[in-house]
Amino acid sequence: MEVYQLDISKYLKISDSLNIDDLKAFKLIKNVMSLIHLYLIPSKELSTIQRYRYIINMVKNSSVREALMSYRKYHYNQLGRYERFILHMIDKQSFVGLYCATAYSRFRNK
């Protein structure tokens, strides 16, 4: 989250701040999608309640919500069905939907 919220224009002399914000949103959403998949892998280190809390806090974060709008605006047409569904479940803040999608993905990739 710190990288997304960092004002990079202080460090770089780039006039196109929209492009930088779009790239930061792209990276943040890709990281969120990866973390959701990782947190939903069954493990003994984290209980289901802990994983639920991590994911819900992640998808409710205001930076993620803001980045999601930007990501959808510029990258939605290039996504596959799985990624679109994951984005839709992040938007709806549906833990059950995210859990089912990642479980199905794990099942199909075995």
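No hydrogens, no waters, no symmetry mates; every other heavy atom, side chains included, goes into these values. Predicted model only: the values in this text are computed from it and were never measured.
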Using the side chain to side chain contact (heavy atoms under 4.5 Å, CB included) rule, take T102 and Y82 through it: C-alpha gap first, then chi angles, then the decisive distance, then the call.
CA-CA 9 Å; T102 56; Y82 174 76; 3.7 Å; yes

Crowding at NZ, K60 (>12 non-hydrogen neighbours, <6.0 Å)
no

Within 6.0 angstrom of R84 CZ, more than 12 heavy atoms from elsewhere
yes

Please round to the nearest 0.5 Å and tell me the distance separating atom CG of L68 and atom NE2 of H88.
11.0 Å

Does some side-chain heavy atom of I36 sit less than 4.5 Å from a side-chain heavy atom of M89?
no

As an exercise, state the distance from CZ of R65 to CD of Q93, rounded to the nearest 0.5 Å.
4.5 Å

Determine, stepwise, if the pair R51 / E45 fulfils salt bridge (charged side-chain N to carboxylate O under 4.0 Å, His left out).
CA-CA 10 Å; R51 290 184 281 151; E45 290 90 26; over 6 Å; no

Between M33 and I86 the two heavy atoms that sit nearest each other are CG-CG2, 3.9 Å

State, to 0.1 Å, how close D22 and S70 come at their nearest heavy-atom pair, and which atoms those are.
OD1-OG, 3.8 Å

M58 CE to N31 CG distance, which is reported to the nearest 0.5 Å:
10.0 Å

I need the minimum non-hydrogen distance between Y76 and L87, along with the two atoms involved.
CD1-CD1, 4.3 Å

Would you say R108 and S105 are linked by a side-chain donor-acceptor pair, where the criterion is simply a distance under 3.5 Å?
no

Between L40 and R106, what is the shortest heavy-atom contact and its length?
O-NH1, 3.1 Å

Going from OH on Y52 to CG on N57, what distance comes out if it is rounded to the nearest 0.5 angstrom?
9.5 Å

Neighbour count >12 (heavy atoms, 6.0 Å) for atom CZ, F95
yes

Checking side-chain contact (heavy atoms from CB on, under 4.5 Å) between Y71 and each of I90, L28, L79, V64, which is the one that passes?
L79

Atom pair NE2 (H75) and CD (E83), whose distance is rounded to the nearest 0.5 Å:
11.5 Å

May I have the step-by-step check of side chain to side chain contact (heavy atoms under 4.5 Å, CB included) for R72 and D91, ending in yes or no?
CA-CA 10 Å; R72 277 188 154 178; D91 190 32; 3.3 Å; yes

